[in-house]
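Note that the numbering runs from 1 along the sequence shown for the chain. When a ligand or atom number is given, it counts from 1 through the structure's own listing order.
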Amino acid sequence: ATTLGASAAQTGRYFGTAISAGKLGDSAYTTIAAREFDMVTAENEMKLDATEPNQGQFNYSAGDRVANWATSNGKRLRGHTLAWHSQQPGWMQNMSGSTLRTAMLNHVTQVATHYKGKIYAWDVVNEAFADGSSGARRDSNLQRTGNDWIEAAFRAARAADPAAKLCYNDYNIDDWSHAKTQAVYSMVRDFKSRGVPIDCVGLQAHFNSGNPVPGNFTSTVSGFAALGVDVQITELDIQGSGTDQANKYRTVVNACLAVPRCTGITVWGVRDSDSWRASDTPLLFDNGGNKKAAYNATLDALNVV
Ligand code: G3I
């Protein structure tokens, strides 16, 4: 097949991109996005600060623009994200304890209910584990409401939208040997054993020279999948250029293709200039919208099977 989405679909997978509502008027951007991808994640528009700027006053205007663009172009949606320590609205940043727990659960319920039936998978909780060797939870106002805040968020999301797959999403959990990876693995195993609703693990997969594609990446994908959850590569971007970058993209795609429960890949933007770290030129299209070597390698890898 000749596009990323159609090529991934040959093995029952999807190939998505992050979409920014503010760029939907850019026809160069929407032309590529409409042609190549079959899954959409709102880059910022469904986050907590965007959807509940004042407590109890929900604003879905930007999120709905992304969702409507996806639907009218025949694409599915990943929801990102219902509970996160970052990009909280000011009112939530100042909250703690049971007040915060109640507000967080209300947020999860309201936003998941608004998008009910439209979301393939929600990143219910994002980035809740600490970096480094501790394997601990990340300290945050949400974590300080009690260690069970994550499972409470998942239960609220399941109740609000039973058809959506519910994912735990994080970065730096790509190397199987890292403490953070093993800590997330233990949490997911615990959730599965106790019947806490969880369906998928999202590997953000933001790679650069300091955080390269690990040699054991396929083991990480298969390791999580062995728990009986889907694995999705949710925010892929890889610093670099030329053949070297192309080979790294090929490695990541092949890792997903090697694991039946790796259900899809999303890149975190369309053109390099759309990236949150544009100077790394980490995406599949250059600033002019031209296909890069990384694009060709990705397409070829998707078409091998
Ligand atoms: O929209 C405002 C604009 O009005 C204002 O003038 C400008 C001034 O700073 O800021 C604009 O908002 C920015 C927003 O992106 C939209 O461009 C925010 O400051 C900026 O913080 C925000 O960055 C986003 C970042 O998440 C915030 O945490 C990036 O676009 C987005 O790509 C990035 O995505 C995250 C995932 O959600 C989670 N995983 C890591 C990933 C990369 O950091």
Side-chain angles (χ1 to χ4, degrees), residues 16-26 29 33 37 39-53 59-67 69-70 77-90 92-93 107-108 111 115 119 121-131 137-138 140-143 150 153 166-175 178 180-181 184 200-211 213 231-239 252 264-285 287:
T17 184
I19 288 286
S20 181
K23 291 176 182 159
L24 289 175
D26 174 347
Y29 176 84
F37 303 101
M39 184 72 76
V40 163
T41 306
E43 187 172 0
N44 289 293
E45 293 79 355
M46 296 187 191
K47 292 174 178 174
L48 292 95
D49 57 352
T51 50
E52 196 176 358
N59 183 342
Y60 300 111
S61 57
D64 285 354
R65 289 214 300 283
V66 175
W69 184 86
L77 271 171
R78 296 191 78 266
H80 176 77
T81 174
L82 294 170
W84 191 19
H85 70 277
S86 183
Q87 280 183 282
Q88 291 182 0
M92 186 180 278
Q93 292 174 30
H107 181 87
V108 170
V111 177
Y115 288 107
I119 302 290
W122 266 112
D123 293 331
V124 177
V125 170
N126 195 39
E127 301 174 0
F129 281 80
D131 293 310
R137 295 283 183 86
R138 175 195 295 276
S140 71
N141 59 347
L142 291 168
Q143 180 60 30
I150 298 179
L166 305 182
C167 300
Y168 175 78
N169 191 53
D170 214 330
Y171 66 91
N172 282 352
I173 57 168
D174 312 294
D175 188 320
H178 282 178
K180 186 174 176 182
T181 310
V184 173
C200 36
V201 172
L203 308 179
Q204 292 187 8
H206 295 294
F207 296 119
N208 58 32
S209 49
N211 179 41
V213 183
V231 178
Q232 302 170 9
I233 296 171
T234 53
E235 305 181 12
L236 177 63
D237 49 19
I238 308 177
Q239 177 190 43
V252 172
I265 299 172
T266 294
V267 288
W268 205 238
V270 178
R271 302 159 299 194
D272 286 334
S273 50
D274 300 314
S275 171
W276 66 295
R277 46 186 190 134
S279 63
D280 286 350
T281 62
L283 295 173
L284 300 178
F285 294 88
N287 298 354

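Here Y171 pairs with nothing under the ring-ring contact (aromatic ring centres under 6.0 Å, His included) rule; sequence neighbours left out. Partners of A205 under the side-chain contact (heavy atoms from CB on, under 4.5 Å) rule, at least two apart in sequence or in another chain, are D174, F207, I233, L236. Shown here are the side-chain contact (heavy atoms from CB on, under 4.5 Å) partners of S20, two or more places apart in sequence or in another chain: K23, Y29, E43, E45.
Of the possible polar contacts, none joining the Q239 side chain to the D280 backbone as a donor-acceptor pair under 3.5 Å is found.
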Legend entry - Worked check of side chain to side chain donor-acceptor pair (under 3.5 Å) between H206 and E235: CA-CA 7 Å; H206 295 294; E235 305 181 12; 2.7 Å; yes
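When all heavy atoms are compared, the tightest approach of L283 to S275 is CD1-CB, 3.7 Å.
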Short N or O separations between ligand 1 and the protein, below 3.5 Å:
residue, atom, partner, partner atom, Å
ligand 1, 26 (O), K47, NZ, 3.0
ligand 1, 28 (O), Q87, OE1, 3.0
ligand 1, 30 (O), E43, OE2, 3.3
ligand 1, 30 (O), N44, ND2, 2.9
ligand 1, 32 (O), E43, OE2, 2.4
ligand 1, 32 (O), W268, NE1, 3.0
ligand 1, 34 (O), W268, NE1, 3.2
ligand 1, 37 (O), K47, NZ, 2.7
ligand 1, 37 (O), H80, NE2, 2.7
ligand 1, 39 (N), E127, OE2, 2.9
ligand 1, 39 (N), Q204, OE1, 3.0
ligand 1, 39 (N), Q204, NE2, 3.4
ligand 1, 39 (N), E235, OE1, 2.6
ligand 1, 39 (N), E235, OE2, 3.4

